[in-house]
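Structure first, then comments.
The sequence lines fix the lettering, A, B, ..., with proteins before strands; numbering per chain opens at 1.
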Amino acid sequence: MIDLRELKERKSEILANIKARNMKINLDEIIELQEHRSTLLQQTEALRANRNENAAKMKGKLTNEERAVLIEEGKALKEEIAVLESELRAVEDEYLRLGRTIPNYAHPDAPLGTDESDYAILRHVGSPPLFSFTPKDHVVLGEELDLIDFDTATRVSGPKFYYLKREAVVLQMALERYALDITLKRGFTPFITPDIAREEILLGIGFNPRGEESNIYTIEGMDACLVGTAEITLGGYYAGQVLDKKDLPIKMTGLSHCFRREAGAAGQYSKGLYRVHQFSKLELFVYCLPEDSEQHHRELLAIEEEIFSGLGIAYRVVDTCTGDLGAPAYRKFDIEAWMPGRGENGEYGEVTSTSNCTDYQARALSIRYKDDDGKNHHVHMLNGTAIALSRAIVAVLENYQNEDGSITIPPALVPYTGFDTIQPRN
RNA sequence: GGAGAGAUGUCCGAGUGGUCGAAGGAGACGGACUCGAAAUCCGUUGUACCGCUUGCGGUACCGAGGGUUCGAAUCCCUCUCUCUCCGCCA
């Protein structure tokens, strides 16, 4: 969440940002709640001061009569306080609930725009492969080579699930380890994280665990959800803590399953492995000083690029427009890899995303560091995809297919797979 | 899953209704002593919010939430977590 104390002084800025993000929020209502809360809080505290003063008078020896008078006064105060406190709680809950919906400020250089087409393409790296034949998409390749089984998964688990088989299993693990090694080289501490997180953590990270539009599976009877990304568990790792300044930056790389409901997501762009209910992902996460977050954001992007360019797959880097930023993100870069099987003649498809969420999540989760002046400040928090295994497999299979139906393993992966080709089945 | 014990400040630890934001010790910081250090002595040392703003005043917080009371770290209820023993288990 943003710092709600700045609501009034930065009002026009906040309004402009809400508009740029194509959101609808009634800011005046929140400001009214804030003022109401402030009034109630001051009244409540004044009454509590009276109560404490009254109680203090009764410490010494008193006649029964004197005591009786004070007790009566105390009883009256108690009732007044109870009424105000319940009103205060109601107003405060609503104030915070609505206040949390205000999005983070956006980076001044983030492209303005309300939909996906307003992004800025920062650069293209590599060139899409030229095929002397009509390339297949990964669904066809996965079936012909008996690498991916969607049909059985649909019967056993439901639509948008899949079994990986044979070389695809080794390929996934190879990609995992390949990407992990790159992050380790960069000084990230590796984690395998829980796949379930408490709702309060989800909320703090900026996910909405409930409701029709939520992409999150909640767990019946528990105050918890299946995670959609390890961003949640890595970002929740230090919730409520005051970190030592000398320990920053904290750089983590975490492997988890990712579960997404993807309600209503259908169509050609979501076929096959591209959009599924469960996949595995290696996620990068950084906690750092505010003044360092832009530099760390660039590093996260550089790591993502190193991972994809190392695979020899063409990609472009996109600076996401304001309308397409998640509420916590101050700025977001995506990598879109070339996928020959996507669309009519191949298209770029999103494979990674890195966001600088500044202090937005840290404030909601209360993650701070003690500065040299002895004061506590919120850290900046950033996340990025090292590799989303399902989409990486799409990219590898489609880009490295051969006319005879075989798949060449990208050279960087061969040390991890132990084979250099997936041969066609007879 | 069963039985028992516990949760207090940075840490250890005292505290069974008002004199407790909390004894005592450790640590850290400042100062004295010293050529310097150790030892010793003196002082300071939680967080959040609110109000006037060099500073001061107020409120809240003793695992969490509720309750009793004029008044709760202290009494009652619920929950969570930790530890020990038993059972089960990858």
B:U40 -> Watson-Crick or G-U wobble partner, both distances under 3.5 Å, gives B:A32
Of A:Ile148, A:Val139, A:Leu147, the one forming a side-chain contact (heavy atoms from CB on, under 4.5 Å) with A:Tyr162 is A:Ile148
Between CD of A:Gln42 and P of B:U59 the distance, given in whole Å, is 14 Å
Using Watson-Crick geometry (N1-N3 plus N6-O4 or O6-N4) or G-U wobble (N1-O2, O6-N3), each under 3.5 Å, B:A7 is paired with B:U80
The nucleotide from B:C50, B:U47, B:A60 with an atom nearest the side chain of A:Arg51 is B:A60
In whole angstroms, the gap separating P of B:U47 from OH of A:Tyr369 amounts to 15 Å
query: Do A:Glu336 and A:Arg342 meet the salt-bridge criterion of a basic N to acidic O distance under 4.0 Å?
result: no
Open item on the list: Using atom P in both nucleotides, what's the gap between B:A73 and B:G63 to the nearest angstrom?
Closed with: 11 Å
In Watson-Crick or G-U wobble terms, with both distances under 3.5 Å, the base opposite B:A73 is none
From the candidates B:A60, B:C70, B:C50, the one with an atom nearest any side-chain atom of A:Asn52 is B:A60
Checking B:U47, B:A60, B:G58 against the side chain of A:Lys370 (C-beta onward), the nearest is B:U47
Taking B:C49, B:A48, B:U59 as options, the one with an atom nearest any side-chain atom of A:Asn376 is B:A48
ask   = Could A:Glu299 and A:Lys251 be called an ion pair, given the rule that one side-chain N must be under 4.0 Å from one carboxylate O?
value = yes
Against the six-membered ring of A:Tyr105, is A:Arg10 placed for a cation-pi contact (under 6.0 Å from the centre, within 45° of the normal)? yes
